[in-house]
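Here the structure comes first, spelled out in structure tokens, and everything after it is commentary.
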Amino acid sequence: MRNSKFYWGIYLGVAILSFLYVIGSFMVPSTRVVEYYFDRPQEIEPTSRTILDSGEVIYRLHVPMGEKGRTLEFLSSHQQVKVYADDRLIYEVDVDPSIFGKTPGTQVNYVRLADNDRVIRVECTPIYSTMIADNISFRLSYGLEDMRNVLTTSLLVVVVCFCCLLSGVFCIFLYLVLGRGNKRFTTLCYFGMFVTLMGTWLINETKLMSALITNRGAASLVSYLSIGLIPVPFVLFHRRFLNLKPMLFEKGIYAYSVVVLVVRLFLHMTGIMDFRMTNNFGLAALILSVLYVLIGTIIHTYQHGLDQAAALCIFAILAFILTLGNNLISFMAGRMQTDFAGRTVLLVYVLYMIVISCKDVYKQLQENERMNFYKKLAVTDIMTGFRNRAAYEGWEKSIQDYEDIMYVLLDLNDLKQCNDNFGHNAGDVYIKDAAQIIKEVFGGIGECYRIGGDEFCVTIIQSSQVDVEEYVAQLREKEAEYNRNSTTVQIHMALGYSAYRPYDEDFGRTRKRADQEMYKNKAKLKEIYGGSL
């Protein structure tokens with residue numbers, strides 16, 4: 001258990017560090033996108049596509065004449081880009097190397113052209129030697145029309161991804177508000193973290209986000225870190241969901257995922273190796289987590305048969321492999337994501353899991369309410385609503401320091417005669433009405449208990465700030481008022497009180513003094529009322 005908490009604490013620390021790192025990358029952007037405008041645009045004609053030994057690819061393109069607002073659109077992935085019109089630089093994507101990276105990431109470039117521009121030259125220099133930019137496709141669009149196209153092709157995908165992200169946040173919110181420390185809510189929290197990270201990654205890799213988030217270098221960090229953080233909550237959720245015993249290599253997956261992410265983060269920050277150059281290590285963590293869930297599902301199916309939990313895990317594995325596998329391939333190839341069908345399947349799984357989890361949570365809440373009711377019932381006097389003797393004894397045992405605590409003891413005189421003369425219903429009225437008076441007088445300054453058939457007590461904290469005699473006078477006034485208005489039951493309560501003193505060996509001596517005072521008061525009341533109601 002301690003080891004699990006240790007690994008989980010390390011994971012949360014790394015997650016917080018990653019979050020702060022991403023925030024910093026957006027605050028100090030390393031990507032520079034520059035557009036140059038000139039009063040006299042020049043016309044040039046496309047000639048060819050040239051691939052240099054360095055990996056740089058030079059494109060020469062014919063651009064037909066058209067309306068104002070023409071825009072040349074093309075996708076670049078981890079490449080420095082320069083666009084020329086007649087040897088005049090009109091657009092540039094560059095990067096300032098820093099601890100946040102040395103790549104502009106994957107982004108859609110929108111180059112606005114002047115009215116007379118017909119021939120342009122595009123130079124794409126890959127950041128990584130393994131990625132040669134010889135497969136770029138270009139498209140001419142017209143401002144608003146292009147944005148409509150972006151919205152049309154990726155809006156539904158973004159909505160699906162956003163629903164996944166929102167679902168994950170909702171699960172974490174439920175855990176924080178309702179169930180911290182509860183096993184079922186903790187399982188829901190793991191699921192929420194997994195879905196939130198997955199949704200963050202998927203929505204970040206859409207074409208619409210590429211158009212909205214211009215700092216694609218920082219955006220690529222969001223993807224890399226989200227992928228790196230997914231395995232741990234993915235494994236933890238499915239282990240708890242399947243109710244599996246910890247397997248030998250489970251902690252190995254945690255340790256590998258966290259260590260690999262920390263090392264990759266260090267290498268990226270120092271400029272030794274970018275995240276993209278260490279992709280295979282992160283991919284290995286994802287594969288290990290999927291294998292773990294697969295093995296766990298097989299074990300669960302062997303022990304319990306193909307029940308709902310096993311079927312859902314099988315569905316999760318298939319959705320994870322198909323959807324995230326496709327996205328991983330596209331992500332590592334530097335392509336924007338438009339996989340609407342795959343993500344919709346994933347969303348269906350997420351929403352169904354949330355419905356099941358919420359039902360489970362609702363049952364847990366009902367169970368907690370029942371348990372709380374029975375616990376309260378065990379320490380509550382049903383007739384008066386006061387806490388009972390067991391509750392009082394528990395309180396006395398739990399107190400470490402009795403300093404400045406006062407004990408008030410009350411006894412109902414002649415309860416037996418009331419029962420004998422007027423019946424037990426009248427006796428019950430006596431007890432209830434006396435308790436109501438005690439509550440009205442002492443309920444605001446102390447805790448009221450019924451510790452016997454006709455005995456009550458009140459514990460008062462910080463009694464030095466309370467004038468007890470004033471409250472005793474109020475009690476007598478309410479007694480007298482009650483008795484004037486009652487034709488049958490007459491309430492007479494004997495009362496004694498005592499505050500804890502430094503020389504008391506324990507609180508028992510304090511109670512004994514209050515008991516002695518109460519009996520003196522009882523004898524006095526007997527003299528006044530003649531020992532009868």
Review point. What's the verdict on side-chain contact (heavy atoms from CB on, under 4.5 Å) for Ile172 and Met193, showing C-alpha distance, side-chain angles and the deciding distance?
Key: CA-CA 7 Å; Ile172 297 174; Met193 293 182 67; 3.9 Å; yes
Practice item. Decide yes or no on side-chain contact (heavy atoms from CB on, under 4.5 Å) for Ser226 and Asn204, but give the supporting numbers first. Key: CA-CA 10 Å; Ser226 297; Asn204 185 61; over 6 Å; no
Point to revise | Verdict with reasoning, Phe275 to Leu225, per side-chain contact (heavy atoms from CB on, under 4.5 Å) | key: CA-CA 9 Å; Phe275 271 116; Leu225 292 172; 3.7 Å; yes
Exercise for review: Begin with the C-alpha distance, continue with both residues' side-chain angles, and end with the deciding distance and a verdict on side-chain contact (heavy atoms from CB on, under 4.5 Å) for Tyr292 and Leu288.
Suggested key: CA-CA 6 Å; Tyr292 174 90; Leu288 287 174; over 6 Å; no
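At least one side-chain heavy atom of His268 sits less than 4.5 Å from a side-chain heavy atom of Leu221.
Cation-pi check for Arg121 over Tyr84 is met; the charged atom lies under 6.0 angstrom from the ring centroid and within 45 degrees of its normal.
Ring-plane geometry between Phe138 and Phe74 is classed as tilted, the angle between the planes lying from 30 to 60 degrees on a 0 to 90 degree scale.
Pairing each heavy atom of Ile399 with each of Asp401, the nearest pair is CG2-O, 3.3 Å.
Ring centers of Tyr190 and Phe237: at least 6.0 Å apart, outside the cut-off. In this structure, Tyr11 has its ring center at least 6.0 angstrom away from the ring center of Tyr254.
With rounding to the nearest 0.5 Å, the separation of CG in Asn243 from NE2 in His238 is 14.0 Å. Distance CD/Gln79 to CG/Asn109: 8.5 Å, rounded to 0.5 Å. Distance CD1/Ile295 to CG/Leu242: 12.5 Å, rounded to 0.5 Å.
Judged purely by distance below 3.5 Å, without hydrogens or angles, the side chains of Asp404 and Gln462 never pair a donor atom with an acceptor atom.
Under the side-chain contact (heavy atoms from CB on, under 4.5 Å) test applied with Arg60, the options Thr50, Val122, Ile120 reduce to a single match, Thr50.
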